[in-house]
Structure formats: C-alpha cells, structure tokens
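Accompanying notes for the structure given below.
Here is the naming used below: chain letters follow the sequence lines, and residue numbers restart at 1 for every chain.
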There are 2 protein chains.
Amino acid sequence: MTTKSKSRGAASLPLNSVLSGDCVAQMRKLPDESVDLVFADPPYNLQLKGELMRPDNSRVDAVDDDWDSFDSFKTYDTFTRAWLKQARRVLKPHGGIWVIGSYHNVFRLGAELQNQGFWILNDVVWRKSNPMPNFRGKRLTNAHETLIWASKSEGAKYTFNYEALKALNEGVQMRSDWVLPICTGNERLKDENGQKAHPTQKPESLLHRVILGTTNPGDVILDPFFGTGTTGAVAKAMGRDFIGIEREAEYRRVAEARIAQVRTYDSDALQVSTSKRAEPRVAFGVLVERGMLRPGEVLHSLGGRHKARVRADGTLVCSEAKGSIHQVGAQLEGAPSCNGWTYWHFKRDGVTVPIDLLRQQVRAEMAEG
Amino acid sequence: MTTKSKSRGAASLPLNSVLSGDCVAQMRKLPDESVDLVFADPPYNLQLKGELMRPDNSRVDAVDDDWDSFDSFKTYDTFTRAWLKQARRVLKPHGGIWVIGSYHNVFRLGAELQNQGFWILNDVVWRKSNPMPNFRGKRLTNAHETLIWASKSEGAKYTFNYEALKALNEGVQMRSDWVLPICTGNERLKDENGQKAHPTQKPESLLHRVILGTTNPGDVILDPFFGTGTTGAVAKAMGRDFIGIEREAEYRRVAEARIAQVRTYDSDALQVSTSKRAEPRVAFGVLVERGMLRPGEVLHSLGGRHKARVRADGTLVCSEAKGSIHQVGAQLEGAPSCNGWTYWHFKRDGVTVPIDLLRQQVRAEMAEG
DNA sequence: TCAGACAATGAATCTAAGG
DNA sequence: TCCTTAGATTCATTGTCTG
C-alpha cells in the first residue's frame, strides 16, 4: 500500500495505512482538527446468548467474538465516550461524522454524540433489501440498521453534496432511507476456509453514498473500527485519503490486501454535480459595465406584470421601488425575498430572456480567462 | 363516551376515558402492573430556530408549541426518566411498550428504556411515503420516524401476533420498516377554522399495525401523550380498552368527540391469524386414531416422486426410511428437515390433498368442543 | 361531468458571504 | 461578532378552481 503523509504544522498524518492497536490510543497520537470525516462502525453490544440462539449448543455463526462482549451498558457508554471524545478532537471544525449501529447500541451512540456537542444532521436508515429473516417468528424481521450523520457542533459548516446525491436518486432529493443490499457474493471477503472474514462487513455501496455525499476528493477519512477496510477501499477508489485503525491483526491483513487491489477512479469520474451555490458570485452591475445591458433599458418581471429600468450603478428603479434586482422584485411581489436573476427578463430581437442568461455568459468568460 | 372499569384487586382502572393533567401525576394514580401495552408519542424537543420559507415564499407551519420546548438535554432526560418510570410500574410483567420519536429525541428515549431495564425487541422505521421535503437542500429529506418496541424486561413474555402481521404483509414476514403515508385528508382533524387540530397527529394505519401486532382483544392500552386520540380511536375500533392522558383541554375535547364516533369492528373481524405455535399441537397419529387416515394407506410426496405407507402407530414407512412424517420426508429429500404436514398428501375421490387439511379439521373440532 | 391546472401543506433542529 | 444582503431551494398528495 502506498502511504503518503500530509503535513499539518509540525505533525503529519499516517495517510492510507491501517494502524494497529486500540483506537483510542491511536487517535490520541493524531493531531487536533486534522481529518475531514469520521466513519465509525463500532462493535455492537449484541448481548447474544448462545443458548438463546442454539438450544443444541452448536456453534453460533453470529456476532459473538470477544471484542463484542460488554458486561453492561455502563461499560459500553464509557467506551463510547472515550472514542467519540478522541474522534471529536481529531475532527476539523467543519468536518462530519457518521456512526452506524443497530437497536442494540445506536441509542447509546446517538445520545453520546449529542452529549458531546455533535449536532445531528440526519439519522439515516439503511433498509436492507435482503435481510436475514427472523427464523423463530418472535419478532419483526430486523431489516435495517441506523446511521447517524452529524457535524462537529451546532452552526458548523459541513460538506454536503446535495446535487450529487440528488442525481444519484434519479433527480429527486435523497431521502433519509436508503435501500441497499447487504454485503454478499464476491464482495464478501472470505478466509482460507471459505468462512466470512468479518462478521459485519458493510457493503461498499453504503460507503460510496456516505463518501460521495459528505466528502470531497482529497479529504481525509478516519475509520477507528476499520475491520476489513470497506471504508478504506471505497475512499481509495473515490480519491479520498483514509486512516484506518484496527485491533485485530487478521482483519488488518485482509484489509491491506483488499485495498492494495483497489484502483482509484479517473478524476473526471470523480467530478460530481455541483450546486449553483458553488458558482462564483456575479454582481448585476457587471452586466451594465460590460455593456450587456444598457442603463435605461427596461426589464420585465416574470409573468410580465411589472417593469423596471436599469440604472448605471447596477440598481433598478420603477415607480414603486428602487434597489437591487432582488429588492425590487421582492417589493413588487410583496414577497419576503426574490431571486432577481430568474425574476427579471430583457428583450432582444423580440425574444424575452431571463437576465440569468447573461450571468452565465459572464461566468463562462471568467472560466476561460 | 362509555367508561367502564376493570377492577383489579382493590383498585380499578379508568378505562376508555381521557384523563387530564400531567401524565406522570396521572400515572401515579394507576395501580401497579395493570396495563397490557403502553404507546407513547412524547414531545420531540425539536429545537427550531427561525422561520422556514418554502421556495415559493410560503411559510412552513412548524411545531413551535410550548409543550415541545425543553431547556436542555438534561431537562429532557429528567422528563423522560420520570414518565418512563411510571409507565414501567403500571405495565404488566408480560406487557409491551412502544415509543416513537425522531433523531432529535429518539436516542434519549432508547437509551433510557435500556437504562430502566426494558428489553428492546425491535426498532421500527416508519418510512413516510410523502414526507415534507428539505426545502433548502442542506440535508437529506427527513423521511422517517423511529418507533421502539420493548418488553418490560429481558426474558419476559410478550404478545406478538406474528401470523397476523405476516398476513397483513401479503404472506411474508413483517419487516422492521413500515411504509405508511402521513396523516392527511379527511383523517386529519381540523378545528373550526379549518386549521389542523394537532400539529403532530399520527396516522391510524400506524396504530393499527402496532395494536394488531402486539395486543389482543380486551387488552388495556395506555397512552400518556394522548393528543387528539389516535391511539384511543384505533383501540376502540379494534376492541381494546384504552386509558389516555392529555394535558391540553382542547386536545382532550377533540379526542373525546372523535372517539365517540368510532364503532368497534365486529368480533369476527377482530379474529386474527394466530401463530401456528399458539395452536394446539396435533400428533399425526391422531389422524389414524380418528380414522381420517387408514393404516396401510399410501401417502404421496409433494411432487409425487415418493410414496410411503401409514402405520398404525402414526409413523410412515417406505423402502428407504421409516419414522415420523417429518423424518421420512427429510430422508427422502436428503434435507436436514422437512415439514411433513405440507409435504405428504393423500388421495380422496381422485383428488390429492395435503394432510395438513386433516390437521386443520382436527383443530376445528378441538376448538368447538 | 371531467380533465387539467393551480394551490395548499406536512414533527424541519434548512444559508453564506461580506462589511 | 453582528448586521446586511445576495440569492438558492421542494415532493407527494389532496383539495379547489377553470374551461
């Protein structure tokens, strides 16, 4: 695996590598405010009891490894508090965090996130299209897991590629319920005996959506419960850097072999739909300066009921109001706000055109030069 | 509203009425272990700040009621602890509880349920088919709410009408995600001005599923945050008793008027598919004893490839195997197990019929006499 | 009467840059 | 840090109006 370092002040980050040992201890070594996203799939406090699952004491192929035994909620909360505290310290002020869990642990996770000042943005339901049925008919089929997406604090900025997720969802905004299949088939990593290498391997499709939606290329993603490295594999493919932490040597080995085989997508494939908000701001006055509109020229409102005249300083005036294109539009419509760019139109050769077309021309010229 | 009382020892229950005042104080007056189910839709503590306008400049009518406002998480947790403690005391040992919330409060709810010793059975996602969109494009559409279903303690029995929910779900196991529309149209209660009578009225379909799946006719359902009485309306329609508690006089008034108009379904409509587990076990030999099958009679396998003969002791025999209907079926199919009731068929008047039909006849006779 | 346009609305933690 | 201003942003369903 190629390991690069990003220097940040005196410290540098162990990028694109899998650190061994306890995640709290390892995170302590990382500098403050150094990663853009944390994705955490902590061990579930499943409290499975073998005798409940298998009366005949046969081997339970479920989540009952040593690392998943916590003797009480208190212990689990202490553990959760410790790793979340470090994750929060390491996270940049405008970074994001995702945690995933089931009903066994997700309420502890969510409450502790809130207690530490993280600001929940959404809870997201991963609706499994092919869950394991409830064989005994004593409960509902447990067909989902819950993710929580949060920013570092209330009011903090955060990365959200709204348009990209909307595009992924066939043009309507992405909802908080995601229907994705569980990890099976070739994607499911096996050991030399053909047994699954990790009991709770997450599907890459899930990480793809998380990373596409809430990071940008070049961002650093920290996964303190790396397991067999789904986060790292998808991060690498998508041109993001990752830092993994994993206690179990065997999982690290599998993860490193897996990630070594991943190729990063071409950079143009990593370009996503951007929002208009990301485009450079253009002052209306620039259109007048450039002669695209003449002072004194008449603009017509959407619908054609109102008219206003352009002034040399880039404001509009009419009998009822004067001011910016937005202010005059809002005033005429009796609305609290108005987007003047789409509201006002001008006429050229008998055709009525929104002034936003001129803004697009300016932006195109800015991009060239 | 007809109010009846169920006496339980010295105390009696204010059935099918809406109590006024604080839910903690009112629950304190109820006897220990007296209700079968608690359904609770507590305030969500939304923490909304300013106004929100839609893109068309209309204002979103938000939940800004005083009852939803709390100073801090600590205050909210104290409140949650208090009402859950009373709910738990009032609940029968084999009773169940449902709570509903959003990401604002549901993690606090779930954690406190666990802290008090409730045993979570499922978390259920209500996926809204028509949620309000995210108007500013800053987050995912908040398209679901979360319900938590729990028993009073680990190992406690609880009511779960598995077959009824399966039937409701077109013959496949009910999953932990329920797609239901929000409460609109005629179902949405309006005040005299045509405004919604309650900002967060739940759809009856949601309560229908809860009550069908986790109570039996005649059970007592307590709703400490009664609002406009969806729980009571569905409970009454389904032949369950309810106890409502509501602080706001106007909500109580609306709820009482609403419930007065509800008619209870006919009792045969309330008979639900019962779990096969709950049905009396019928030994195959009984069919022979009763003369429904003759010893020596030939049974044919599903698909017709195999035959076996009935023996007088209620076992089957063929050249390859002998034993119970299940054992022989499994042996012939090379399968680890086999449901002999659906596997084996007999012929009467040229028609091939599964032996399960005979079992059903036996059960019907047992039910009658 | 019916089709189609138009309006209303739902538990919402809903902006960002620049002065 | 506060205040002002630019200007970006919606889905499914039901009810009402119009031609």
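- Stacking between A/Trp119 and C/dT13 is shown: the ring centroid lies under 5.5 Å from the centre of the six-membered base ring, and the planes differ by under 30°.
- Within 4.0 Å of B/Thr200, counting heavy atoms only, lies at least one base atom of the nucleic acid.
- Figure legend: cation-pi geometry between A/Arg209 and A/Trp178, with NZ or CZ positioned under 6.0 Å from the six-membered ring centre and within 45° of its axis.
- Contacts of B/Thr141 with the nucleic acid, taken as non-hydrogen atoms under 4.0 Å apart, are absent.
- Note on B/Asn142: a side-chain N or O is less than 4.0 Å away from OP1 or OP2 of C/dT13.
- Contacts of A/Arg175 with the nucleic acid, taken as non-hydrogen atoms under 4.0 Å apart, are absent.
- Side chain B/Arg54 to base C/dG10: a donor-acceptor pair is found below 3.5 Å.
- In terms of phosphate contacts, A/Lys157 brings no side-chain nitrogen or oxygen within less than 4.0 Å of OP1 or OP2 of C/dT15.
- Nucleotides of DNA chain C nearest to B/His104 and B/Ser58 differ in position, and the one nearer the 5' end is that of B/Ser58.
- Applying the 4.0 Å criterion to OP1 and OP2 of D/dA8, one finds that A/Arg359 has a side-chain N or O inside that range.
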Walk me through it: do A/Lys166 and A/Glu163 pass the test salt bridge (Lys or Arg N to Asp or Glu O under 4.0 Å)? CA-CA 5 Å; A/Lys166 186 174 175 179; A/Glu163 293 290 341; 5.1 Å; no

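- Scanning atom types as modelled, one donor and one acceptor separated by under 3.5 angstrom connect the side chain of B/Arg139 and the base of C/dT13.
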Assess whether side chain to side chain donor-acceptor pair (under 3.5 Å) is satisfied between A/Thr352 and A/His345, documenting all intermediate values. CA-CA 6 Å; A/Thr352 304; A/His345 296 64; over 6 Å; no

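- Each of A/Ser275 and B/Asn130 was assigned the nucleotide of DNA chain D with the nearest heavy atom; the assignment lying further toward the 5' end belongs to A/Ser275.
- Of the N and O atoms on the side chains of A/His326 and A/Ser324, not one donor lies less than 3.5 Å from an acceptor on the other residue.
- Ring centroid separation for the pair B/Trp83 and B/Phe225 comes in under the 6.0 Å cut-off.
- Residue contacts for B/Gly50: at a heavy-atom cut-off of 4.0 Å it reaches a base atom on one of the strands shown.
- B/Pro42 comes within 4.0 angstrom of a nucleotide base, judged by non-hydrogen atoms across all strands.
- Counting distance only, with no hydrogens placed and no angle test, the side-chain atoms of B/Lys138 and the base atoms of C/dA16 include no donor-acceptor pair under 3.5 Å.
- If you check every strand for non-hydrogen atoms under 4.0 Å, A/Leu121 touches nothing.
- Within 3.5 Å, no donor on the side chain of B/Ser102 pairs with an acceptor on the base of C/dA12, nor the reverse.
- Here B/Pro181 lies out of heavy-atom contact (under 4.0 Å) with every strand.
- Between A/Trp149 and A/Tyr158, the gap from one ring centroid to the other is short of 6.0 Å.
- Proximity of B/Arg188 to the phosphate of C/dA11: a side-chain N or O atom is located under 4.0 Å from OP1 or OP2.
- Within 4.0 Å (heavy atoms only), A/Asn339 reaches at least one base atom of the nucleic acid.
- Within the 4.0 angstrom heavy-atom criterion, no nucleotide atom of any strand lies near A/Glu279.
- For D/dA6, the OP1/OP2 oxygens have a side-chain nitrogen or oxygen of A/Ser324 closer than 4.0 Å.
- Residue contacts for A/Gln173: at a heavy-atom cut-off of 4.0 Å it reaches the sugar-phosphate backbone alone, with no base atom in range.
- Checked against B/Ile245 for a side-chain contact (heavy atoms from CB on, under 4.5 Å), the options B/Leu222, B/Val24, B/Asp22, B/Asp223 give a single hit: B/Leu222.
- Here A/Val282 lies in heavy-atom contact (under 4.0 Å) with sugar-phosphate atoms only.
- Side-chain N/O atoms of A/Tyr343 include none lying less than 4.0 angstrom from OP1 or OP2 on D/dA8.
- At a threshold of 4.0 angstrom between heavy atoms, the contacts of B/Lys49 with the nucleic acid are absent.
- At the heavy-atom level, A/Val172 lies under 4.0 Å from the strands shown only through sugar-phosphate atoms.
- Nucleic acid contact for B/Asp61: sugar-phosphate only, since backbone atoms but no base atoms lie under 4.0 Å from a heavy atom of the residue.
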